[in-house]
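For reference, the structure is listed below as structure tokens.
Whatever order the structure lists ligands and atoms in, that order sets their numbers, starting from 1. FYI, side chains are in, hydrogens and waters are out, and symmetry mates aren't considered; it's all heavy atoms of this structure.
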Amino acid sequence: MATEGAPLRIPTYADVEAAADRIRGIAHRTPVLTSRLADERVGGSLFFKCENLQRVGAFKFRGACNAVAALSPEQRKAGVVAFSSGNHAQAMALAGTLEGVRAVIVMPQDAPAMKVAATRAYGGEVVFYDRYTEDREAIGRRLATEQGLTVIPPYDHEDVIAGQGTAAKELFEEVGPLDDLVVCLGGGGLLAGSALAADALSPGCRVVGVEPEAGNDGQRSFREGRIVSIPVPVSIADGALTPHLGQRTFPIIRRLVHDIVTVSDAALVEAMRYLAERLKIVAEPTGCLSSAAVFEDLVPARGRRVGIIVSGGNVDSRVMAKLLA
Ligand SMILES: *Cc1c(COP(=O)(O)O)cnc(C)c1O
């Protein structure tokens, strides 16, 4: 994919540390929950990092906030453009508003209504496209050229990856070394950032990515050693419907991630129910990927200390009620 001639800079853990400094006091330091019942169920110790309780309801605020904070004065003046199926949109809208930077958001027409409304409420300017026939990146680039905006993509950007890595950094700082860290992936920004943090703060920790069964491009890319593209997948995990990994996320994932597993939509619904009933938290389907992988024993937790990133909580209450009914 075209990268506008920009040199490809792959972030390191030093970038995650710099991001943590930039977003301190702006992004929440989210809680880590434990549950005796969940521990008994899997026979290990689980630590749930609750990014559903992050600002805008997802870890995406970390990357967005870091990317906006890292802009030059000229870039700030012109504004930013983002293309997103939801949470990155809200995150960029709020990060822009908080920093006084104009944020144009290119969103799919079929994005959940709640996410569109929230993006506007956070101060974002929404431009729609059809995700099955149009190329959102081309639209974003055209707007950028016409209006001098800086494109902040949802995952394939060094400041975004570094920002996302701050969630795992906080988790290790709070609970110490872990045997496994389980992280969902779409384009791999959260997974790549988390892997950088694990490598630096908990050497030997196995980092496992989790994708929806229907969208296993990441698993295939990981196994084949090249970025595999698939048609836009169909799954209830709407935050992970990316057709391919990023040019910056893939090299990090390849080097520092130990495995990528997939879970079914049915397993996501069961995990959503468990998180609601036992941990008393609302997680969106995509936010349930990592928990589902552990509950389904795809990441064996017996006798192990396992970190689980609950990536987001933005689910329409009617959708959630229907899924759990
Ligand atoms: C964006 C998103 C993901 C996937 O993140 P990537 O960085 O694209 O891998 C997972 N969960 C939620 C809630 C998201 O918003």
So, [X] and [Y], do they make that salt bridge, N to O below 4.0 Å?
X: R29; Y: E173; answer: yes
X: R62; Y: E170; answer: yes
X: R273; Y: E270; answer: yes
X: D180; Y: R305; answer: no

*Side-chain contact, heavy-atom cut-off 4.5 Å: P212 with V263?*
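No, their side chains stay 4.5 Å or more apart.
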*Protein residues having a heavy atom less than 4.0 Å from any atom of ligand 1*: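 Within 4.0 Å of ligand 1, the protein residues are F59, K60, N87, Y155, C184, L185, G186, G187, G188, G189, L190, G239, E284, T286, S311, G312.
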*Should S235 and D265 be marked as a side chain to side chain donor-acceptor pair (under 3.5 Å) after you check the CA-CA gap, both sets of side-chain angles, and the distance that decides it?*
CA-CA 7 Å; S235 161; D265 279 5; 2.8 Å; yes
